[in-house]
Student: 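Next up is a structure, given as C-alpha cells.
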Amino acid sequence: MREAAHEDTNVDMNVDTTEGAGPSPAPSLTPSTTPTPTPGPGPDAGTRAGAAAGPDATAVDAYLRRLGVERPARPTAGALRELHLRHLRTVPFENLSVHLGEEIVLDGKRLMDKVVSGRRGGFCYELNGAFGTLLTALGYEVTLLAARVYGEGGRLGIPYDHLALRVQTPDGDDLLADVGFGAHCLLPLAFGERGDQEDPGGTFRITGAAPDAAGVRGGQDAAPLADLDVLRDGKRVYRLERRPRALGDFVAGAWWHRTSPQSHFTRSLVCSRVTEDGGRITLSGRRVTATAADGTREERELGTDEEVLAYYRDRFGIRLAQVPTVRDPHRAG
C-alpha cells in the first residue's frame, strides 16, 4: 500500500486541475467519532482488526449522502462505476492518522464511521475497507484481495502491501475496484479482461504476473489463484493475489506502513482527491499541487498555519485543530 504515498512527489500522485470548489456538499451526517491515540508498539498497536458486522441502513444511507449519490435500485456495474468515481472525488486519500497518532482499526463499521461521521479519508486499507463494506451492504459480492506494489527497479513491496476489491454483481459482472491507491483508475476495471482497458486515469491492463525476486511468476486463467499484474500506461503498478482475504489479514501490513521508517507514509504527509474535471489536488505538508486532466500542473506553498488548516477544510472537508507535521517513525507506537 505504498501506492499514493510514493507518488505524492511525482506527477501521478500530485494531480489535479484548477482550484475550484471543494468536495461536493453532502447533507448532514451522524455525529463524529474522534479517533483515539495509539497504544504501545507491536502489530496490534494502533492498527488492529475489529469484529466483522454489517452496517445498518442508517449508516449506509449516511455513507451514500457523503458521496452525494442515491441508493442504487440494484447492485449493477453501472451503479458501481458511479459509486467508485464519486468516492474518489469526495473521500480523500490521506495518511494524516499516521502523523496525528490516531488509532487505525481495520473494522468495516469503524472505517465507515471515520469516512462518514469523521468526514475523513484514509489510506488503502481504510478506504477500500470502508468501500467494500458499503458495497456488500448494497448487495454486491465483494472479495478482499492482497497486492504488493512495484517500487524502484521493479522491486515488490511487503506482503499485504495494498488492499484492493474484486466486486461481482448478480448480472455476472466481475470487476476490480480500487478507491485507495491515489492516482489510479477512476472507474472499476474488468477483472477477466486481459487486453488494454481505457480509463480517464490512463490505459490499464490486467495480465499474468511477472517473475518475482524468487523467480516465481503468475499464470493465466488456467491457474485460478495465480497472481496478476495491474499495469497503467505500460508500467507495472502492483502484483495482485487472487486468494480471498479477510480485513484482519491486513493488520500487519497497515502496522508496518504506519510505523516503519522505510514506509513512505511515515516519511511524508499526503492528502489528495480527484476533482470534478478529472484532475487532482494534493496537499503534502504545506505544498499544494494541482494537476489538470491534461497533465499540466502547478505548485505553490502555503505560508501560515491558518492557510493550511483552511485548505484542509475547504478543499478536503477535513477540520483539524492543528497542522499535522511528519511524526518521527521511531516514536510511532
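No hydrogens, no waters, no symmetry mates; every other heavy atom, side chains included, goes into these values.
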Student: Just wondering, are more than 12 heavy atoms of other shown residues or ligands nearer than 6.0 Å to CD in E307?
Tutor: yes
Student: State, yes or no, whether a side-chain contact exists between T282 and V288 at a heavy-atom distance under 4.5 Å.
Tutor: no
Student: Between the side chains of R205 and D229, is the shortest nitrogen-to-carboxylate-oxygen separation below 4.0 Å, so that they form an ion pair?
Tutor: no
Student: Is the F265 ring parallel, tilted or perpendicular to the H257 ring (thresholds 30°, 60°)?
Tutor: perpendicular
Student: Would you indicate whether the side-chain heavy atoms of L175 and L189 approach each other to under 4.5 Å?
Tutor: no
Student: Answer yes if the ring centres of H184 and F204 are under 6.0 angstrom apart, and no otherwise.
Tutor: yes
Student: Closest heavy-atom contact between L247 and Y125?
Tutor: CD1-O, 4.3 Å
Student: Using atom types as modelled and distance alone, determine if a side-chain donor or acceptor of R258 lies under 3.5 Å from a backbone N or O of V98.
Tutor: no
Student: Heavy atoms, side chains only, cut-off 4.5 Å: are I104 and L106 in contact?
Tutor: yes
Student: Quick one: do D314 and R319 make a salt bridge, cutoff under 4.0 Å?
Tutor: no
Student: Salt bridge check, R71 against D61: does any charged N sit closer than 4.0 Å to a carboxylate O?
Tutor: yes
Student: Shortest non-hydrogen contact from C185 to H84?
Tutor: O-CE1, 3.7 Å
Student: Quick one: does any side-chain atom of E241 pair with a main-chain N or O of A147 as donor and acceptor, under 3.5 Å?
Tutor: no
Student: Before we go on, tell me: are the rings of F181 and Y238 under 6.0 Å apart, centre to centre?
Tutor: yes
Student: Using only heavy-atom distances, determine whether the side chains of R245 and Y160 contain a donor-acceptor pair under 3.5 Å.
Tutor: yes
Student: Quick one: do R65 and E70 make a salt bridge, cutoff under 4.0 Å?
Tutor: no
Student: Can you confirm whether R81 is buried at CZ, in the sense that more than 12 heavy atoms of other residues, nucleotides or ligands lie under 6.0 Å from that atom?
Tutor: no
Student: Would you call R120 and E102 a side-chain contact if the rule is heavy atoms closer than 4.5 Å?
Tutor: yes
Student: To the nearest 0.5 Å, what is the distance between CD1 on I206 and CG on L231?
Tutor: 9.5 Å
Student: Sequence neighbours left out, what passes ring-ring contact (aromatic ring centres under 6.0 Å, His included) with F191? Give chain and number order.
Tutor: none
Student: Under a 4.0 Å N-O cut-off, is there an ion pair linking R297 with E299?
Tutor: yes
Student: Which heavy-atom pair separates A226 from R242 by the least distance, and what is that distance?
Tutor: O-NE, 2.8 Å
Student: Please determine which of V167, V230, L165 meets the side-chain contact (heavy atoms from CB on, under 4.5 Å) test together with L176.
Tutor: V230
Student: If we only count heavy atoms from C-beta on, is the R239 to H162 side-chain gap below 4.5 Å?
Tutor: no
Student: Under 30°, 30 to 60°, or over 60°: which ring-plane class applies to F316 and Y312, parallel, tilted or perpendicular?
Tutor: tilted
Student: Suppose we call two aromatic rings close when their centres sit under 6.0 Å apart. Are F123 and H264 close by that rule?
Tutor: no
